[in-house]
Amino acid sequence: MWLSPNLFAATRKVDEHAWVLFSDTHIAADRKLIAREINMTDHFAAVTTEVCELPKRPAAVLISGDLAYNSGLTGDYANFTELLQPLRAAQMPVHLALGNHDHRERFWEALLEAKTVSRPLVDRQVAILRAPRANWFVLDSLDKTLATPGALGETQLAWLAKALDANSNKPALIVIHHNPNLDGTSKGALIDTKELFEIIRPRKQVKAYLFGHSHHWSVEQDASGIHLINLPPTAYRFDKESPIGWVLANLEKKSMRLELRCLDRTHKEHGRVVDLKWRA
Ligand SMILES: [Fe+2]
């Protein structure tokens, strides 16, 4: 019997604790564009196909910024919107954050549902996503398009502190495009790292801070036990070895299990599983 993809999607069981994490998709208007030896559109099509073929449908897809190729052109977002269609057809909610290669107004113009949805802060792409075992706080660190460092700003930080206090019943997972600058040596990172950590360290419900930006994969912890998860890009890497791909996150009651999926199945990190216990 022939089954349409939509029918398959509708019958596929949902894993409400599984989240797909993408970062740094860098989609250009030109589908054929190659940067650093890879085609970003082909990579994105490959990872979305993989996600659509998972035996169980994940709860949602979350993309942590640098959606657009370089300067957030209208044409980049038009191609990006088209590339999201397989995920939409598979009935997967897609949540988007912005990076320094995005342009907020052009993004909102292109993605109408992102424009019309009511956001906690009207002028930033911010959201709280409520899952059974955690609340995701998606923040907006796009300061100036094409300027490498990012910033949350006082208003967003003040909102975050209040929102965390009002939602302390579940683990909180923070998603920001920019990496933290905890030792002060990373000039292109999050400028207001110190102010952010003054808010999240004492609020023990904060268990993890997930980010992209560096096009690198790593899992570390800060001194207070917050997990620092650097998501790999679906697009290009800046070195010769970092994995390119995505992460499947499974939320447990007191931990999160990450599985790295590399586009290159022969990559030594492909399939690596990391169990992250929540701090008390
Ligand atoms: Fe990037």
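Note that ligands are numbered from 1 as they come in the structure, with each ligand's atoms numbered from 1 the same way.
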For the Fe ion (ligand 1), the closest N/O/S atom belonging to D66:
OD2

Would you call the rings of Y69 and Y236 parallel, tilted or perpendicular, where under 30° means parallel and over 60° means perpendicular?
perpendicular

Contact flag H26/the Fe ion (ligand 1), N/O/S atoms, threshold under 2.8 Å
yes

Which value, rounded to 10°, describes the OD1(D24)-the Fe ion (ligand 1)-NE2(H215) angle?
90°

Can you label the angle between the W278 ring and the H227 ring as parallel, tilted or perpendicular, going by 30° and 60°?
tilted

When you check the gap from the basic side-chain N to the acidic O, do K254 and E252 get nearer than 4.0 Å?
no

Has H177 got an N, O or S atom lying less than 2.8 Å from the Fe ion (ligand 1)?
no

Check the angle between the aromatic planes of H215 and H26 and answer parallel, tilted or perpendicular using the 30° and 60° thresholds.
tilted

